[in-house]
Protein chains: 2
Amino acid sequence: MLNIKDIAKLAGVSPATVSRVINNSANVNEEKRQRVLEVLEQTGYKPNSLARGLLYNKTFTLGVVVPDISNINFSEFVKGIEIEARQNNYNIILMTSGNEPEREVECFEILKEKRVDGIIFAGTILTDRHKLHIDNSTIPFVVFGQDFEYKSLISINIDNIKASYDAVKYLYSKGIKKIAMITGPLWDKAAGYDRYTGFLKASIENGINQRDLIYKEGDFTISSGYEAMKKILKEERVEAVFAANDFMALGAIKYLLDNDVKVPQDIKVVGFDDNPIAKIYTPSLSTVKIDFYRAGVLSVNAIISCINGIEVENKMLLEYEIIERQSSI
Amino acid sequence: MLNIKDIAKLAGVSPATVSRVINNSANVNEEKRQRVLEVLEQTGYKPNSLARGLLYNKTFTLGVVVPDISNINFSEFVKGIEIEARQNNYNIILMTSGNEPEREVECFEILKEKRVDGIIFAGTILTDRHKLHIDNSTIPFVVFGQDFEYKSLISINIDNIKASYDAVKYLYSKGIKKIAMITGPLWDKAAGYDRYTGFLKASIENGINQRDLIYKEGDFTISSGYEAMKKILKEERVEAVFAANDFMALGAIKYLLDNDVKVPQDIKVVGFDDNPIAKIYTPSLSTVKIDFYRAGVLSVNAIISCINGIEVENKMLLEYEIIERQSSI
DNA sequence: TTAAAATATGAAAAGCTTTTCAAGGAGAGT
DNA sequence: ACTCTCCTTGAAAAGCTTTTCATATTTTAA
């Protein structure tokens with residue numbers, strides 16, 4: 001591949017002059033300028049960004065670490081990141097961690113070696129090794145998705161408690177008295193415990209005794225939603241079900257339909273996430289929509305500000321929206 | 001950020017020695033080795049990959065250009081790429097093109113500047129500008145998804161004609177006589193025209209006169225499937241419908257159910273893609289499954305071979321699988 | 001004990017771009 | 001005609017790592 005010296009030779013000027021033409025950084029005799037431009041055009045020369053990066057100590061590259069890119073939430077997130085990054089002249093190195101802390105830390109190490117200008121990290125927990133890395137690192141970090149209340153780390157989060165609270169309140173506002181919840185695993189702080197907490201809060205506010213709360217724990221899969229719904233119906237007569245994600249909500253609906261319970265006439269169902277399936281399913285599923293694309297855009301803006309030394313809020317909450325569809329009308 | 005000179009100073013040795021310790025490239029006095037290792041540990045030093053890349057003219061980075069990462073097919077594809085690449089010590093720079101040729105070419109330019117070792121490209125058409133780029137480029141290219149019969153370009157493809165042919169044959173094998181197709185836009189060679197061609201071939205083979213073929217053109221959306229189904233039923237009495245993708249198939253099913261036509265008892269439906277929704281929908285949808293994850297893995301293997309100067313087949317076809325579910329039993 | 005071989009180590013160059021600094025040339029003003 | 005300015009231009013250094021080459025030291029063999 002050609003370098004700037006080759007171009008200089010072909011155009012009969014010095015490398016410095018070629019550089020000046022490429023970067024429009026100083027006056028160059030018009031005739032020479034044309035000669036250089038012509039050579040550039042003919043050869044398709046592109047300056048070596050490694051050399052540039054070495055010089056400026058800057059790569060215009062962001063590292064992005066997500067658990068699983070094939071999860072629609074994260075692919076929306078990454079889409080937002082990529083598009084916003086590009087708009088700001090940055091590229092992204094994408095890495096997946098499979099939610100394994102070991103691999104996450106490994107990603108950080110590789111990204112450090114690649115000298116990325118910043119890292120956007122969607123993870124689950126912050127182990128000591130994570131913290132060690134973040135502390136020792138001069139690379140700006142933005143953490144998404146779990147409330148990492150660690151030092152002044154920039155984090156962008158979903159207010160799971162409030163979103164869940166609002167979803168349940170929405171059901172109560174329809175005059176419903178008895179609502180059950182299908183939760184995620186409660187050890188999962190964000191999507192598990194926090195969403196349960198919102199349900200708890202809204203229920204108590206509507207005069208339910210904490211001991212009378214009706215809920216079953218699932219694991220975010222369709223089949224666990226199906227099973228949970230079965231258990232709930234065996235024990236109680238409820239008018240609505242709120243599930244901690246859409247898959248479990250769909251499982252619940254499936255069980256209800258299989259057993260000739262009408263949705264929404266007999267029992268209303270609300271999910272969480274606004275998975276694309278929610279809109280398509282029959283009946284279409286009411287849900288809480290989180291805008292992951294926007295989360296990506298915000299992450300990029302935050303990290304670029306940070307890179308440029310501009311102060312940013314270090315705790316941001318994402319908006320959400322309760323979407324009413326057939327399953328709860 | 002520290003550099004190798006700093007480490008050398010801290011350990012009281014020369015940069016060369018530090019380099020030898022890091023790369024295990026030559027014998028180093030054990031005592032000094034330990035001193036260096038200790039400093040490396042304490043400082044968390046990572047060598048600057050830009051400098052290395054500059055020296056070796058190699059970045060261990062692959063460029064990946066896809067139309068839209070939030071499309072499940074492409075996110076599976078990218079997942080396969082990322083995981084396989086990492087296993088081979090490569091990272092990926094992900095770029096999205098929105099299927100715009102202009103932006104695709106722009107991606108190539110940026111990736112060239114970043115000196116990626118290879119580019120994996122999922123696109124639609126190969127314009128002259130694309131070709132110019134590929135011709136002038138010394139960077140290995142792997143093209144996925146459309147049959148780019150261009151020179152010795154490495155391409156990985158779906159055999160749309162044969163997959164579609166097999167799907168229709170499968171329906172005929174159930175003793176069905178009258179099958180309609182909902183095609184994609186026919187100007188779209190791969191997912192549009194080729195899938196139609198397979199349908200045509202299988203139909204003729206089963207004694208249908210080409211003039212009697214029943215098909216309507218959709219645009220891959222649910223609603224277009226719904227409308228196409230409406231038109232088909234108005235004109236003909238069919239026993240089965242084959243759609244060029246799952247969304248249109250689901251639209252068709254929706255129309256049928258809305259009009260009290262039972263699926264699969266009255267009309268069987270088969271889609272294409274194995275979108276996650278296909279499995280979940282009621283009735284679950286029979287479809288043609290393409291393994292995009294595997295396509296990603298194959299792409300990486302091909303490009304790494306190419307980078308290392310190993311000969312590879314330059315035309316590969318992906319396997320597919322007809323998945324039978326409730327909608328066609 | 002001495003020559004030869006093996007081992008260990010640092011200096012320096014290469015890889016590519018940008019920017020600073022110095023110098024050369026041209027034009028303007030006196 | 002001479003000096004001062006402004007405009008152009010090229011040489012060189014910096015940024016960081018690896019590897020080669022040469023040197024210094026130690027070990028082995030005779």
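Per chain, numbering begins at 1; letters A, B, ... match sequence-line order. For clarity, every value in this text was computed on a predicted model and none was experimentally measured.
- Here dT8(D) presents its C1' atom at 13 Å from CD of Glu31(A), a figure rounded to the nearest Å.
- Screening residues 44-53 of chain A for salt bridge (Lys or Arg N to Asp or Glu O under 4.0 Å), with sequence neighbours left out, gives Arg52(A)-Glu113(B).
- Axis orientation changes by 50° from one end of the helix from dT1(C)-dA30(D) to dT30(C)-dA1(D) to the other, with each end axis drawn from 5 pairs and the value rounded to 10°.
- Side-chain contact, Thr59(B) with Lys114(A): no donor N or O sits under 3.5 Å from an acceptor N or O.
- Set against dT18(C), dT18(D), dC16(C), the side chain of Ser19(A) has dT18(C) as its closest nucleotide.
- At dG15(C), none of the side-chain N or O atoms of Asn3(A) fall inside 4.0 Å of OP1 or OP2 (strictly under the cut-off).
- Between Lys79(A) and Glu82(A), none of the side-chain N atoms (NZ, or NE/NH1/NH2) sits under 4.0 Å from a carboxylate O, so this pair counts as no salt bridge.
- Rounded to whole Å, atom C1' of dT17(D) lies 12 Å from atom CD of Glu113(A).
- Ring-centre distance between Phe292(A) and Phe144(A): below the 6.0 Å cut-off.
- Proximity of residues 37-50 of chain A to DNA chain D (heavy atom under 4.0 angstrom from any strand atom) is not detected for any residue.
- Sorted by residue number, the members of residues 52-59 of chain A with any non-hydrogen atom under 4.0 Å from DNA chain C read Arg52(A), Leu55(A), Tyr56(A).
- At whole-Å resolution of the value, CD in Glu30(B) and P in dA8(C) are 10 Å apart.
- The salt bridge (Lys or Arg N to Asp or Glu O under 4.0 Å) pairs that include a residue from residues 135-145 of chain A are Asp135(A)-Lys151(A), where partners are two or more places apart or lie in different chains.
- Contact check for Ile93(B) versus Leu111(B): side-chain heavy atoms found under the 4.5 Å cut-off.
- Between Phe141(A) and Phe121(A), the ring planes are perpendicular. Angles over 60° get that label, and only those under 30° would be called parallel.
- At whole-Å resolution of the value, CG in Asp6(A) and C1' in dG15(C) are 13 Å apart.
- In this structure, CZ of Arg35(B) is placed 15 Å from P of dA8(C), rounded to the nearest angstrom.
- In this structure Gln87(A) satisfies the side-chain hydrogen bond (donor to acceptor under 3.5 Å, both in side chains) test with no other residue, sequence neighbours excluded.
- Put simply, Asn29(B) has no side-chain N or O that comes within less than 4.0 Å of OP1 or OP2 on dA8(C).
- What separates NZ of Lys114(A) from P of dT17(D) is a distance of 15 Å, to the nearest Å.
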Please tabulate the protein-to-nucleotide N/O contacts below 3.5 Å involving nucleotides 10-12 of chain C, giving atom names and distances.
residue : atom : partner  : partner atom : Å
dG10(C) : OP2  : Ser14(B) : N            : 3.1
dG10(C) : OP2  : Ser14(B) : OG           : 2.9
dG10(C) : OP2  : Thr17(B) : OG1          : 2.7
dG10(C) : N7   : Arg20(B) : NH2          : 2.8

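- By the 4.0 Å N-to-carboxylate-O rule, Arg33(A) lies close enough to Glu30(A) to be salt-bridged with it.
- The CD1-C1' distance, from Ile22(A) to dT19(C), rounds to 14 Å in whole Å.
- Remark: Tyr320(B) pairs with Lys162(B), Asp166(B) by the side-chain hydrogen bond (donor to acceptor under 3.5 Å, both in side chains) rule, at least two apart or across chains.
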Check: protein-nucleotides 4-7 of chain C nitrogen or oxygen pairs below 3.5 Å:
none

I'd like a table of donor-acceptor pairs (distance under 3.5 Å, sequence neighbours excluded) in which one partner is a side-chain atom from residues 10-22 of chain B, with atom names and distances.
residue  : atom : partner  : partner atom : Å
Ser14(B) : OG   : Ala16(B) : N            : 3.4
Ser14(B) : OG   : Thr17(B) : N            : 3.4
Ser14(B) : OG   : Thr17(B) : OG1          : 3.3
Ser19(B) : OG   : Asn23(B) : ND2          : 3.3

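- Within a 6.0 Å sphere centred on NZ of Lys5(A), other residues, nucleotides and ligands contribute 12 heavy atoms or fewer.
- Here Tyr45(A) pairs with nothing under the ring-ring contact (aromatic ring centres under 6.0 Å, His included) rule; sequence neighbours left out.
- Side-chain contact check for Arg129(B) versus Pro101(B): every heavy-atom pair is 4.5 Å or farther apart.
- A donor-acceptor pair is defined here as one N or O able to donate and one able to accept, closer than 3.5 Å; such a pair exists between the side chain of Asp68(B) and the backbone of Ser70(B).
- Here Glu313(B) pairs with nothing under the salt bridge (Lys or Arg N to Asp or Glu O under 4.0 Å) rule; sequence neighbours left out.
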